[in-house]
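Read the structure below first, then the notes.
All ligand and atom numbering here is 1-based and tracks the order in the structure. These numbers were taken from a predicted model, which means no experiment stands behind them.
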Amino acid sequence: MGEPLKLAVLVSGRGSNLAALIHAVSAGSCHARIVAVIADRRSAPALDLAREHGLPTYVVAAKDYVERPQWDEALAAQLAEVSPELVVLAGFMRLVGNAVLARFAGRIVNVHPALLPAFPGLDAPAQAIAARVCLSGCTVHVVDAGVDTGPILAQAAVPLLPTDDAATLHARIQKAEHALLPAVVHAVARGTIVLGAVPRYAGTFPSQLPSLVSPPVI
Ligand code: GRF
C-alpha cells in the first residue's frame with residue numbers, strides 16, 4: 001500500500017479526534033503516521049494525550065505573538081519543519097492564515113460538527129439546536145481562506161432528539177466524527193480521495209464508508 005501518509009495534527013482542546021486517529025492508525029484501519037501534534041495553546045489536553053502515545057508535540061501559542069500574521073508565519077515554519085503530507089485540524093480553534101494556506105494549499109482538512117454549509121463557525125451544535133433541525137452531523141472538508149467553506153470531502157448525519165441540548169448533541173456528533181475523520185485520512189492515504197484545488201474521488205470512497213447515520217429514535 002506504500003508508505004503511511006505523514007500527518008500533522010493541529011489541536012486546541014480535548015483531543016478526542018486525535019485519539020480516534022491514534023487508535024485507527026494503531027489498529028491498521030488508517031494508513032497514516034502522525035509526525036507531529038501542534039497546539040496553539042500550552043494548556044491543550046490533547047498535548048498530554050499525544051505525549052502519552054509518544055508522539056512529538058509542539059506549541060505555537062497565539063498569545064506569544066503580537067500580530068496574527070507573525071503567529072501564522074511561525075505555525076507555517078513549524079509545519080514546514082515536520083514536513084507533513086496532510087495537515088489535519090482536529091479541534092483547532094483558530095483560522096489558519098495565508099502563510100499556512102500558501103505552503104499547504106489543498107492539503108489541510110478540518111472536521112466540523114455540523115452538516116456544512118449549515119452552521120459554520122463556532123458552537124455549531126448549539127446553532128443546530130436553536131434552528132430546531134431534525135438532523136445534523138459532521139463534515140470533513142478541505143480548508144480554504146473562509147470559515148468552514150472549503151470543498152466537502154465527506155459527511156455523516158446524526159439525528160437530534162427532543163431531549164438534546166448542545167452538549168448531548170455534540171457528544172453524538174463526535175462519535176460520528178471519530179469514525180469519519182480516520183476514514184477520510186485513510187482514503188487520502190490510499191489515493192481514493194485525491195486532494196487538489198478541486199478534490200476528486202478515485203474509486204468508490206463514499207460508498208465504502210461505514211454506515212454513520214444513527215437510527216432515528218421516536
Ligand atoms: C470537534 O467536535 C470538531 O468538530 C470541532 O472541535 C471539536 C474538537 O473536539 N472542530 P476534540 O478536541 O477532538 O475532542
Exercise. Going by the atom numbers of ligand 1, which of them fall below 4.0 Å from some non-hydrogen atom of E177?
Worked result: 1 (C), 2 (O), 3 (C), 4 (O)
Problem set entry | Per-atom contacts of ligand 1 with H112, taking only distances under 4.0 Å to non-hydrogen atoms | 4 (O)
For this session: Among all protein heavy atoms, pick out the one at the shortest distance from atom 14 (O) of ligand 1; state its residue, atom name and that distance to 0.1 Å.
Result: S16 OG, 2.5 Å
Problem set entry | atom 6 (O) of ligand 1: the protein heavy-atom neighbour that sits closest, reported with distance to 0.1 Å | G91 CA, 3.5 Å
Exercise. Checking E85 side chain against K6 main chain: does a donor-acceptor pair fall under 3.5 Å?
Worked result: yes
Problem set entry | Short N or O distance, V111 and ligand 1, threshold 3.5 Å exclusive | yes
Seminar exercise, completed: Tightest non-hydrogen contact, residues L180 and A154, listed as CD2-O, 3.7 Å
Problem set entry | Polar proximity ligand 1 side, G15 side, N/O cut 3.5 Å exclusive | yes
Seminar exercise, completed: D72 meets the side-chain hydrogen bond (donor to acceptor under 3.5 Å, both in side chains) criterion, sequence neighbours left out, with none
For this session: Please could you name the atoms of ligand 1 that Q174 approaches to less than 4.0 Å, counting only its heavy atoms?
Result: 1 (C), 2 (O), 7 (C), 8 (C), 9 (O), 11 (P), 14 (O)
Problem set entry | Charged N-O contact under 4.0 Å between D40 and K63 | no
Problem set entry | side-chain contact (heavy atoms from CB on, under 4.5 Å) partners of A19, counting only residues at least two apart | L49
For this session: Please report which non-hydrogen protein atom sits nearest to atom 2 (O) of ligand 1, along with the residue it belongs to and the distance in Å to one decimal place.
Result: H170 NE2, 2.6 Å
Exercise. Does a donor on one side chain and an acceptor on the other come within less than 3.5 Å for S29 and H186?
Worked result: no
